[in-house]
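Just dropping this structure here.
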Amino acid sequence: MYITKAKKFRQLADGSIEAYDYYRLTKKYRDCKGIPRSRSVLCLGTLDGFTKAERNELADMLTVMIEEGQSVMCFNPALYEKAMELYVKYRGSKWAQENDPVLIKEAARKERERLRDCVTIRLDSLTQQQARTIGPEAICRSTACMLKIREFLNSRRWSREEVDLALMQIIARAIYPFSELKTVRYLRENSALLEMFKMDKAKVTKDVLYNSARRLWDVHKDMEDFLHDRVRSMFNLEEKILLMDITNAYMEGRMEDSSLCFHGRSKEKRNDCKVVVLAAVVNTDGLLVRTMIYEGNRQDVTTVKEVVGSLAAETSPEARKIVVMDAGFYSAANVNWLVENHFDYITVLPSGYVKFIPDSDKVFRHQDCRHQEIRLQMGKVEIGGESRKALLVDSDAKAAKERSMHDLAAKRYEEGLEAIKAGIEKKGGTKNRDAVNARLGRLYKQYGAIRKEYDVTFTYEGKGKSEKAVSMKWKRKEECVAARSEINGRYVLITSLDENDELNVWKFYNVIRTVEETFHILKTDLDIRPVYHKTDEGIKAHLNLAVLAYWIVSVTKYRLKLKEYPNVRWDEIMRISQTQVVVTAEMETAEGDKIRVRQSTEAEEKLAVIYGLLNICANPIGKVKSVVHPKPPPKNPPPENQGDT
């Protein structure tokens, strides 16, 4: 092939006529009579900027590419790009697709590959097997990859199998908040996690998961710092407000040799259950900053120095942070320690409205998110001879709530008294003086504040061990009934902030709900109660696994929140994502072959929206196809009936 040139003319903008050269790629051939002829293969255009030698080289390159169907190397980048551009143009032309033997052969090969996938299927043989959920697993795995948990564990020289097992266990904890024994069953029978990590289900046992959880506990401090730094850099967060709170989790069991679960009596009023305490510091976005585990029934006020103190080294005096705490954490020693270690604070002063001294008569009125009025007033309180800035918050809704809680407690206390009275009056009931006093003592212990509002009297018969109660009366004190109307919704916030705006101080404290939401997720969605663990190491590993799962949950929710997803409740996200499963479709062809196709179902509309916001592939596993050919019959089959010999 060679390049031919033709003279063409064009009219310019000023009306004048200009001549220019137009090039074509030409090929010589002989017709059916053997007469030499030539035809145009490809229009090349004006080829501006190329010399005659470069045009000839371009013709040689195109000749090789068209006749052999492969590209050639060239040291001239501009010439190479032009050749590739013209070759693509040639392949797209209708004449080339109908006459070029190279393109015809390539089209035939593609058609054969297409026909290879077209077989005749017996519809009555179609079955679907081994359904496993894939939606929640894909969402959590995407977040785990963003957190770079694999990179952290690799830096600790964990093997690939150990890293895969740890990642799978953290993800499973976020989806299936069960014990290790129950998690194994879900991994084998319900989830596609084993398939995603290419792990043999026979190798995943409860003991393997126990050991993996303990290894994760061994690196929990470094891992927590790594994840915190990763999230801060990933979302470019600047943490100025830290929220602190603690919660307890109880176990069913005696736990006699446990130093961690030494005390009983949980908030669920179960004296038979030992308690362990989890303390957490989170930022205003609900992302964890620090967690610690303490022995049961640890007082809130004793945890501030240890938990927040672990962050003091990371806080410079120039970048002061605000620690927001509930009333249980208040003590003069704690607030003084926070100021000395470059932390500002906002906390509730118990019964502080009695000591509150307003700066002025100015009262700022504000409506909360429920359109309920809240009255705010700046002032100060005197504590230990020292004046502290304070904010008085007065809420009618809180007053109504306090009165409702008080009335409910009084009602239940009276129901308890009625039960004791019924036992005295009915035949066979509890009448013995000691037994009746024991019942009353248990009621006093449960409603310690309410019992002071009642006078309870008994009438007894008999003496000594046979002394029995025959009647019972009680009366509510009149001054306590009058005091009910004085219940108010006032509380005082004290702060070290140099802040004169009442609304800002109240809003800063109001974000305490974020840490309450954190513990709600840990307790309900992730079920941190370590029921089946009987050792301190197992309890710590179990709680740490729930905390690691919370990293998956909180970061996933935060990613959706940044994309303005309307509903970011974790249980709702899990419900939507569980609509996608991976199944194996098995069918038989007309020739007797069996075809198995392993593929995930298409994501439904709501799940597709979540996938789009999180940049997740709609088919996390893809398609896996296999063909099983029938066994050929034996060459010399035995006779059907030999008869008896």
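Since this is a predicted model, take the numbers as computed values, not measurements.
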query: Do NZ/NE/NH1/NH2 and the carboxylate oxygens of Asp31 and Lys33 come within less than 4.0 Å?
result: no
- prompt: Are the charged groups of Asp164 and Arg150 less than 4.0 angstrom apart, N to O?
  reply: yes
message: Looking at Glu564, I want to see if its CD is surrounded by more than 12 non-hydrogen atoms of other residues, nucleotides or ligands under 6.0 Å.
response: no
- request: Taking atom CZ of Arg109 as the centre, report whether more than 12 heavy atoms of other residues, nucleotides or ligands fall under 6.0 Å from it.
  value: yes
message: Strictly by side chain to side chain donor-acceptor pair (under 3.5 Å), give each pair with a member in residues 545-557 just once, sequence neighbours left out.
response: Thr143-Thr556, Thr518-Tyr550
- prompt: Between Tyr558 and Phe235, what is the ring plane arrangement, given parallel below 30°, perpendicular above 60°, and tilted in between?
  reply: perpendicular
query: Quick one: do Glu162 and Arg215 make a salt bridge, cutoff under 4.0 Å?
result: yes
- prompt: Between the side chains of Asp100 and Tyr90, does any donor sit under 3.5 Å from an acceptor?
  reply: yes
message: Checking the side chain of His220 only, and the main-chain atoms of Trp217 only, is there a donor and an acceptor separated by less than 3.5 Å?
response: yes
- prompt: Between Ser16 and Asp14, does a side chain to side chain donor-acceptor pair (under 3.5 Å) hold up when you go through it step by step?
  reply: CA-CA 6 Å; Ser16 59; Asp14 58 359; 2.7 Å; yes
message: Under a 4.0 Å threshold between the charged nitrogen and the carboxylate oxygen, would Lys540 count as salt-bridged to Glu537?
response: no
message: Quick check on Glu106: does its CD atom have over 12 non-hydrogen neighbours (other residues, nucleotides or ligands) under 6.0 Å away?
response: yes
query: Is it true that Lys203 and Glu161 have a side-chain N and a carboxylate O under 4.0 angstrom from each other?
result: no
- prompt: Would one find more than 12 heavy atoms of other residues, nucleotides or ligands at under 6.0 Å from atom NZ of Lys563?
  reply: yes
field: Salt bridge flag under 4.0 Å for residues Asp218 and Arg214
entry: no
- prompt: Going by the ring pair (Phe, Tyr, Trp, His ring centres under 6.0 Å) test, which pairs reach into residues 33-88, not counting sequence neighbours?
  reply: none
- request: For atom CD of Glu111, decide whether the heavy atoms of other residues, nucleotides or ligands shown that lie under 6.0 angstrom number more than 12.
  value: yes
task: Check whether more than 12 heavy atoms from other residues, nucleotides or ligands sit under 6.0 Å from atom CZ of Arg10, and answer yes or no.
output: yes
query: Do the rings of Tyr22 and Tyr20 sit parallel, tilted or perpendicular, given the 30° and 60° boundaries?
result: perpendicular
Under 3.5 Å donor-acceptor pairs involving side-chain atoms of residues 601-614, not counting sequence neighbours:
from	atom 1	to	atom 2	distance (Å)
Thr601	OG1	Val581	N	3.2
Thr601	OG1	Val581	O	3.2
Tyr611	OH	Gln580	OE1	2.5

